[in-house]
Amino acid sequence: MSFLMVVAVLAGVMFGVGALCAVYRIIRGPSILDRALAADVMLAIAICALGAEMAINRHTDTLPVLLVLAMFAIVGSISIARFMSKQDAA
């Protein structure tokens, strides 16, 4: 097993643990902001995992998927922030 494969497995394990923690927070989050933050973390983990896969396999086929995920993360965060600011003002 090469050094790159060991690093890939370690990264996969860390991404998996992070994703499980984010899913736990999405399910058990006490407020909507905790759940929104956990969803952002989940998207960031997905983006990082896809980027790591691209770097390990030396291709750029999933680059459009990365861009779309990043766009969803930004638009989702802004939408929730705007929704919560209007809810707090009322």
I would like to know whether Leu63 and Leu50 meet side-chain contact (heavy atoms from CB on, under 4.5 Å); could you show each step before the answer?
CA-CA 8 Å; Leu63 190 59; Leu50 284 174; over 6 Å; no

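- Closest approach of Phe15 and Ala49 over heavy atoms only: CE1-CA, 3.7 Å.
- Residue Met14 is not grouped with residue Val17 when hydrophobic side chains (ILVMFWY) are merged at heavy-atom distances under 4.5 angstrom, including chains of intermediate members.
- The CD1 atom of Ile26 sits 6.0 Å away from atom CE of Met42, with the distance rounded to the nearest 0.5 Å.
- Annotation: the span from Leu67 atom CG to Thr62 atom OG1 amounts to 10.0 Å, rounded to 0.5 Å.
- Separation of atoms CZ (Arg35) and CZ (Arg25) is listed at 9.5 Å; rounding is to 0.5 Å.
- Here the CG-CZ distance, from Asp40 to Phe72, works out to 13.5 Å after rounding to the nearest 0.5 Å.
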Report the C-alpha distance between Arg82 and Ser79 in whole Å, list the side-chain angles of each, state the deciding distance to 0.1 Å, and finish with yes or no for side-chain contact (heavy atoms from CB on, under 4.5 Å).
CA-CA 5 Å; Arg82 288 181 59 101; Ser79 300; 6.0 Å; no

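- Of all heavy-atom pairs between Ile56 and Ala8, the closest is CD1-CB, 3.3 Å.
- Note that the CD atom of Glu53 and the CG atom of Asp61 stand 8.5 Å from one another [nearest 0.5 Å].
- Residues Leu10 and Met1 share a single hydrophobic cluster, defined by chaining ILVMFWY side chains whose heavy atoms lie under 4.5 Å apart.
- The nearest pair of heavy atoms linking Met54 to Leu66 is SD-CD1, 3.7 Å.
- In this structure the side chain of Met71 reaches within 4.5 angstrom of the side chain of Val75, judged on heavy atoms.
- Shortest non-hydrogen contact noted between Ala46 and Leu69 is CB-CD1, 4.3 Å.
- Between Ala22 and Val41 the shortest heavy-atom distance is CB-CG1, 4.2 Å.
- Going from atom CD1 of Ile74 over to atom CG of Leu43 covers 10.5 Å, rounded to the nearest 0.5 Å.
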